[in-house]
Amino acid sequence: MSERSYWLMKSEPDVFGIQDLANSPDQTTAWEGVRNYQARNYMRDSMKPGDGVLFYHSNANPLCVAGTAVVVSDAVPDPTQFDPESEYFDATSSMSNPRWMMRHIRLVRLFEPPVLRETLASTPGLESMILLQRGTRLSVHPVTADEWRIIHQLAGVQPT
DNA sequence: GCCAACGTTGGC
DNA sequence: GCCAACGTTGGC
């Protein structure tokens, strides 16, 4: 019996924000389009159904944790890698040996108001967040149980 | 819009 | 296998 883990996943709200997740069927979405090996490895190898997800708005105003989600599927091939019409098409991947894997996530809650990045940056205990390290671009990465708890405190809600 | 930091590509 | 060049990310 392995412990539950926690993750942060970035999305640009102009492309797909937490409101889009809230409006999705079953408030569930496929986390398509990740084309970075480290992020893929986390999704493929380390995530488990039931893990918690901080839904982060990048390239946005305001930059913020907009809410939380939960991992609801095993790792499955990202179908967009096989779609020549998709911007995420990868001609070097094959059905028999897919390169890019993804998960499905379901909305748990919106943070209202969202927890701003500048709040994270000034909160004791969050100094080590990967998100806040200089030069970090990784769009899927782990957060600690402490970080998960502190961010829920900032949001004024019980951790789920 | 700028640009620093990073990841990937490809010539050698 | 190195590393320069390039493209992208993403905060500011």
Side-chain angles (χ1 to χ4, degrees), chain A residues 5-24 29-47 51-71 75-105 107-144 146-156:
Chain A
S5 300
Y6 304 96
W7 306 92
L8 183 144
M9 297 169 94
K10 298 181 187 174
S11 191
E12 302 190 16
D14 290 349
V15 179
F16 189 89
I18 200 161
Q19 200 56 55
D20 297 301
L21 180 57
N23 294 337
S24 297
T29 194
W31 207 254
E32 295 173 339
V34 171
R35 295 294 180 269
N36 168 282
Y37 287 105
Q38 198 174 349
R40 178 206 64 181
N41 292 348
Y42 281 136
M43 287 201 289
R44 185 187 62 186
D45 304 332
S46 303
M47 278 185 181
D51 281 358
V53 174
L54 298 174
F55 195 110
Y56 180 77
H57 281 174
S58 64
N59 263 325
N61 192 9
L63 298 168
C64 62
V65 177
T68 64
V70 61
V71 176
V76 293
D78 179 342
T80 62
Q81 70 195 301
F82 306 125
D83 176 6
E85 303 300 309
S86 170
E87 61 175 314
Y88 302 120
F89 179 62
D90 183 350
T92 67
S93 186
S94 67
M95 292 272 194
S96 57
N97 186 21
R99 172 167 303 162
W100 304 110
M101 306 294 282
M102 64 173 198
R103 299 276 176 159
H104 291 79
I105 66 168
L107 181 68
V108 172
R109 64 160 27 114
L110 281 77
F111 287 163
E112 293 171 320
V115 178
L116 305 188
R117 181 189 177 91
E118 61 182 1
T119 303
L120 301 178
S122 62
T123 297
L126 298 182
E127 299 87 351
S128 298
M129 280 192 81
I130 293 171
L131 178 74
L132 301 179
Q133 305 310 304
R134 177 178 173 81
T136 291
R137 304 192 326 195
L138 195 57
S139 66
V140 177
H141 63 248
V143 300
T144 68
D146 273 348
E147 291 161 354
W148 179 262
R149 177 180 53 75
I150 292 169
I151 289 167
H152 279 78
Q153 270 179 6
L154 294 172

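Counting only residues at least two apart or on different chains, the salt bridge (charged side-chain N to carboxylate O under 4.0 Å, His left out) pairs with a member in residues 92-105 of chain A are Asp90(A)-Arg99(A).
With hydrogens and angles left out, the side-chain atoms of Arg137(A) and Ser58(A) include no donor and acceptor closer than 3.5 Å.
When each of Phe82(A), Tyr88(A), Tyr37(A), Phe89(A) is paired with Trp100(A), the ring-ring contact (aromatic ring centres under 6.0 Å, His included) condition holds for Tyr37(A) and for no other.
Considering only residues two or more places apart in sequence or on other chains, Thr29(A) meets the side chain to side chain contact (heavy atoms under 4.5 Å, CB included) condition with Phe16(A), Leu21(A), Trp31(A), Ile105(A).
The pair Arg40(A)-Asp78(A) does not meet the salt-bridge criterion, since no charged nitrogen lies less than 4.0 angstrom from a carboxylate oxygen.
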Next item on the list: Take nucleotides 1-11 of chain C nucleotide by nucleotide from the 5' end and write B, S or -, depending on whether a protein heavy atom sits under 4.0 Å from the base, only from the sugar-phosphate, or from neither.
Entry: ------BBBBB

